[in-house]
Amino acid sequence: MDITKSLDTLIVGAGFAGMYSLHKQLSDGFKAEIYEQADDVGGTWYWNRYPGARCDIESMDYSYSFSEELQQEWNWKEKYGTQPELLKYAQYVCKKFNLRDKINFNTKITKANFNEKKQNWFIKTDKDEVINSKNLILATGNLSTPSTPHFPGINEFNGNIYHTGAWPKDMPNFKGKRVGIIGTGSSGVQSIPIISETAQQLLVFQRTPNFSLPARHRDLQEDRRDEYKKNYKKYRNLAKNSSFGIAKYQPPTQSAFDVSENERNDIYEKAWQEGGQAMLFAFTDLLTNEKANETAAEFVRNKIRRIVKDKRTAELLCPTNHPIGTKRLCLDSNYFETYNKENVSLIDVSNNPIEKITYNGLITNNTEYLFDDLVFATGFDAMTGAVNAIDIRNENDISLKSIWDKGPKTYLGIMVSHFPNLFIITGPQSPGVKSQMILSIEQHVDFVNNLIVHKQKNNYNTVSANLNSQNEWVNHNNEVANSTLYPLAHSWYNGDNIVGKSRNFMPYVGGVANYKNICDEKIKNNYEGFEFL
Ligand code: FAD
Ligand code: N01
C-alpha cells in the first residue's frame, strides 16, 4: 500500500466543525488537513442552496465565538442569515485563518482502518490515495446525508428532480412551471412560500403536518448589531449557560399550570408576536408534560385555523400526532399564508402514500398529479448517515457501522470504545443538534483538541473511550430522553425517517450547560472515562 501522505490529524469535512478543528490543530502545531467532498467550505451552507434557505437561530448567536476579532469585524445583514450570507461567512473564516491550503477539496473519505502495530489510522479516499494519520476527526455533519425515498418509477420522470439538501449552484427557474414538492419539515416550510412566488402551480405533498412559528424575519438594525457586539461576552456566556445555547432563551421558572388560562394564552401570544422559538421557553413543563404541551400545541393550531382560509386545508395543516417541539420546531415566513394562494394546493398523503413517480408526475390514491419539476424536501439520514457511509474499522477489523447497527453508542458523543484516536464532533448522545450548533461545535472541538494535546504531551500513542463509561453515558442519555416527551414523536431524532434504521433517541437533551459541566468534570478528573496507552 503506497502512502500518499502522513499526518498527525486528518479531519473529514469542511463545515463549521471541520474548519474550527483545523484551526485549533494548526494553532497547536499539529500537521493537520481536511478532506472535503465538496469544492468549497461551508458544509450545510454549501449544500442547502434551496430557495428560502437560512438559519433559524439569529445570526448574532449562530456564529463563531472563538475569535473576538472575527465577531467584531463580521457584519450580519439580516436577523437570520441567508444561505449565501452564511456561505460567504464560512469562506471569510477560511481566508482569515489561512485554512484553504490545508483543505483537500473534491475528495471523499471512503475507508479508515486502525493499524494496531503502527498505532495509526490508514485512510482511503475516492481517488485511491492512502493517508496515514495518528488522529481521525469526523466533522462529517449530522444533517449532511440527504435522504430520498425509494419511490418506484423515479427514473421515468420527465422533468427535473431536486433535493433541498443537494441543491444545484445555478438556481432553477420555476417561472411558469408546475412544481411538486414532497416534505413539510423545516426545508419544505422555508422553500414552499418562495417557490410559490414564481411557480405557475405548486403541489405540496404532505405526510405529516409540522408545527411552525413565525420567524418575524427582518434586516438586522445597526443599533441592535452594535449593542450585541459591545456585549458579546455577556451574550455568549448567557448562551453557554442555557439549555439550548441561545442567549435569549433562559430556562423558564414556572409551569404552564402556575398561571390562569388567560395569562397562559397572553404569554403565548406575546411569544408568537415576538417570533422565533420563544414559545417553547415559556414554561418549565412544555417538553415533559403532555397536558402542558397541549396548551401550546392548541394555541398554534388555532393560529393556523385563523390564517388558512380553507377549513379542510387548515385542519390538514394542524399537527395532532406529536407534542409541539418534539420534532425540530420550524420557523417560517408566511408558510401557512401560502396555502391561501390560488396556485398552491396541499395534497394529504398520510393515509394514501405516494405509490409511484410517473413520466408526468406522481400517483397517490389512484389519482395522478401532474407537474414539470419535482422537489424532494425529504430530509437526511441524520446523525449517523455520514459516519456510517465511511467504512471505519478498528484493529480487529470490526466496522463501526456494524457496532452501531442497533443504534449509535458513544462516550459523551465524542468517542466510541474500541476505536482509538477517532473523534466525532457533535456526535450522537451529545447535545449538538438540540442546540445552537456552532456553540456545541466549538465546545466539542475544544474538548477534542485538548484531549489530543494531553495525549501528545504525555507521550501516549492512543486514547479511547472506556466501555463501561460509554454504557453509563448511553444509559444516562436514554434516561434523560425518557423523562421528556421527545421520544413520542416520529422524527429523525429517533431515526424514524429512514426505512430500516433502528429506533433510538440520539441527541442528549440534558442541556448544553449541564453537558459542558459534565465534560469539564471529566477533564478535572484526569479525563475520566478515557483510557490512554
Ligand atoms: P456540515 O456543515 O454538515 O459539514 C459536514 C461536511 O462534511 C460537509 O461539507 C460534507 O460534504 C463533508 N463530508 C461528509 N462526509 C464526508 C466524507 N466521507 N468525505 C469528505 N467529506 C465529507 N443549526 C443551528 O444551530 N441553527 C440553524 O439555524 C441551523 N439551520 C440549518 C439549516 C439547514 C438547511 C440545515 C440542513 C441545517 C441547519 N442547522 C442549523 C444544522 C447545521 O447542520 C449546523 O448548524 C452546522 O452547520 C453543522 O456544521 P458541521 O461542520 O458539523 O457539519
Ligand atoms: O427534513 P425533515 P428537513 N412520503 O426530516 C417527508 C434542519 N433544517 O430537510 O414527517 C411523503 O424534517 C417527511 O414526512 P414525515 C433542521 O434541524 C433547519 O425539512 O416523515 N413524505 C417530512 O415532512 C431540520 O429538522 C432549517 O411524515 C415524506 C419531510 O419529508 C432538519 O434540518 C431548515 C416521505 C422531511 O422533513 C431536517 O429538515 C432546513 C415519503 N416517503 C433544515 N419521506 C432551519 O430553518 C419523507 N417525507 C434552521
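Quick caveat: nothing in here was measured; it's all calculated off a predicted structure. Positions are given from 1 along the sequence. Only this structure's heavy atoms are used, side chains among them; waters, hydrogens and symmetry mates stay out. In each ligand, atom 1 is the first atom listed, and ligand 1 is the first ligand listed.
Residue contacts with ligand 2: Phe380 is included, with a non-hydrogen atom under 4.0 Å away. In this structure, Ser435 has a heavy atom closer than 4.0 Å to ligand 1. Note on ligand 2: Phe151 sits in its first shell, one or more heavy atoms being nearer than 4.0 Å. Remark: distances from the non-hydrogen atoms of Gln206 to ligand 2 are all 4.0 Å or more. At least one heavy atom of Ala139 sits closer than 4.0 Å to an atom of ligand 1. Contact between Ile425 and ligand 1 is absent, with no heavy atom of the residue lying under 4.0 Å from the ligand. Using a 4.0 Å cutoff on heavy atoms, Leu143 counts as a contact of ligand 2. Assignment of Tyr50 to the shell around ligand 2 is supported, since a heavy atom sits closer than 4.0 Å.
When each atom of ligand 2 is checked for a heavy atom of Gln190 under 4.0 Å away, the hits are 33 (C), 44 (C), 45 (O).
Remark: Asp40 does not engage Lys169 in a salt bridge, criterion side-chain N to carboxylate O under 4.0 Å. A salt bridge links Arg503 with Asp496: the distance from a Lys NZ or Arg NE/NH1/NH2 to an Asp or Glu carboxylate oxygen falls below 4.0 Å. The pair Lys356-Glu156 does not meet the salt-bridge criterion, since no charged nitrogen lies less than 4.0 angstrom from a carboxylate oxygen. Here Arg224 pairs with Glu58 in a salt bridge; the nearest charged N to carboxylate O distance falls below 4.0 Å.
Taking Tyr335 as the reference, Tyr339 meet the side chain to side chain donor-acceptor pair (under 3.5 Å) condition, with sequence neighbours excluded. For Asn75, the side chain to side chain donor-acceptor pair (under 3.5 Å) partners are Lys229, not counting sequence neighbours.
Residue-level proximity to ligand 1 for Ala38 is absent, since no heavy atom of it falls below 4.0 angstrom. Counting heavy atoms closer than 4.0 Å to ligand 2, residue Pro149 contributes side-chain atoms (C-beta onward) but none from N, CA, C or O. Under 4.0 angstrom from ligand 1, the non-hydrogen atoms of Tyr50 all belong to its side chain. Residue Tyr46 does not touch ligand 1, judged by heavy-atom distances below 4.0 Å. Looking at Tyr35 against ligand 1, only its backbone comes within 4.0 Å, counting heavy atoms.
Counted by atom type alone, Glu442 and Tyr20 present zero donor-acceptor pairs between their side chains at under 3.5 Å. In the model, Thr384 has a side-chain atom that pairs as donor or acceptor with a side-chain atom of Lys501 under 3.5 Å. In summary, the side chains of Ser350 and Asp348 do present a donor paired with an acceptor at a separation below 3.5 Å, with no hydrogens or angles considered.
Taking the six-membered ring where tryptophan is involved, the planes of Tyr62 and Trp45 are perpendicular, since the angle between them exceeds 60° and thus also 30°.
Nearest protein heavy-atom neighbour of atom 12 (C) of ligand 1: Glu36 OE1, 3.3 Å.
Of the N or O atoms in Thr164, none lie within a sub-3.5 Å distance of an N or O in ligand 2. Residue-to-ligand polar distances place Ser186 within reach of ligand 2: an N/O pair is separated by less than 3.5 Å.
The heavy atom nearest to atom 5 (C) of ligand 1, considering only Ile34, Thr140, Asn106, is found in Thr140.
Note that the CG atom of Leu202 and the CD1 atom of Ile192 stand 6.5 Å from one another [nearest 0.5 Å].
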